[in-house]
Amino acid sequence: MDKPVTPRAAAPGPRRRDRHGRGMRGPIAPPQVPLAASRAEAFADLVQDSVERLERRWPQLADIDFLVLEVPRLDGPGQAWNDEAVPLGGTISAHEGRPARVVVYRRPVEIRTKGRDERAALVHEVVVEQVAELLGLTPETVDPRYGEDQG
């Protein structure tokens, strides 16, 4: 007479090895290494790097909020998409005690770039253009290297 084999009960506590005996899988890289950062975090870091570069020359940028949004939104009636291009960034003037804001749209910038260096250059260009618009200056005044090939 065959007796059915009952599976052994798992020991209480954390599992020490996977079923192939190689140990539990861990993260590929520790959290402080850029590989572990999400695409959104890496993009926000590019914007922050660009702002820090400009703040050395323009200390008043400390009074401006810099935001990263996924894509541009249409908020009000009568606003329609421009057939020519999706915006890469925008500005919101200061009002009612709120600071001025510069917005960089992550997805449109990512779609137009191939690698990290190209993305960093485009992010900086967008930030410079938006800051120039807020301050009423030309992009070349905000950053003398604006428009130079950075590749």
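Along the sequence shown, the residues carry numbers beginning at 1. Owing to the predicted nature of the structure, the values given are computational and were not obtained by experimental measurement.
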Trainee: Are any of the side-chain heavy atoms of Leu67 and Val102 separated by less than 4.5 Å?
Mentor: no

Trainee: Under a 4.5 Å cut-off applied to non-hydrogen side-chain atoms, are Pro72 and Pro108 in contact?
Mentor: yes

Trainee: Return each pair, listed once, that meets side-chain hydrogen bond (donor to acceptor under 3.5 Å, both in side chains) where at least one residue sits in residues 42-51; pairs must be two or more places apart or across chains.
Mentor: Gln48-Glu52, Ser50-His124

Trainee: Taking the side chain as everything from C-beta on, heavy atoms only, tell me whether Pro99 gets closer than 4.5 Å to Asp65.
Mentor: yes

Trainee: Dump the intermediate steps for side chain to side chain contact (heavy atoms under 4.5 Å, CB included) on Tyr146 and Thr141, then the final yes or no.
Mentor: CA-CA 9 Å; Tyr146 174 82; Thr141 305; over 6 Å; no

Trainee: Flag the pair Thr91 / Val103 as yes when at least one side-chain heavy-atom distance between them is below 4.5 Å, and no otherwise.
Mentor: no

Trainee: In Å, rounded to the nearest 0.5 Å, how long is the span from CZ of Arg53 to CZ of Arg145?
Mentor: 5.5 Å

Trainee: Does anything in residues 98-108 form a side-chain hydrogen bond (donor to acceptor under 3.5 Å, both in side chains)? List the pairs, not counting sequence neighbours.
Mentor: Glu70-Arg106, Arg106-Glu110, Arg107-Glu110

Trainee: So does Arg112 have more than 12 non-hydrogen atoms from other groups sitting under 6.0 Å from CZ?
Mentor: yes

Trainee: Side chain to side chain contact (heavy atoms under 4.5 Å, CB included), that's the test. Do Leu134 and Ile64 meet it? Break it down for me.
Mentor: CA-CA 9 Å; Leu134 267 180; Ile64 298 174; 3.9 Å; yes

Trainee: Tell me, do Val131 and Phe66 make a side-chain contact under 4.5 Å, heavy atoms counted?
Mentor: yes

Trainee: If you define the side chain from C-beta out and look only at heavy atoms, does anything of Val109 sit under 4.5 Å from Val123?
Mentor: yes

Trainee: To the nearest 0.5 Å, what is the distance between CZ on Arg119 and CZ on Phe43?
Mentor: 8.0 Å

Trainee: Decide yes or no for Leu135 and Trp58: does some side-chain heavy atom of the first lie under 4.5 Å from some side-chain heavy atom of the second?
Mentor: yes

Trainee: Grouping I, L, V, M, F, W and Y whenever their side-chain heavy atoms are under 4.5 Å apart, do Leu137 and Val51 come out in a common cluster?
Mentor: yes

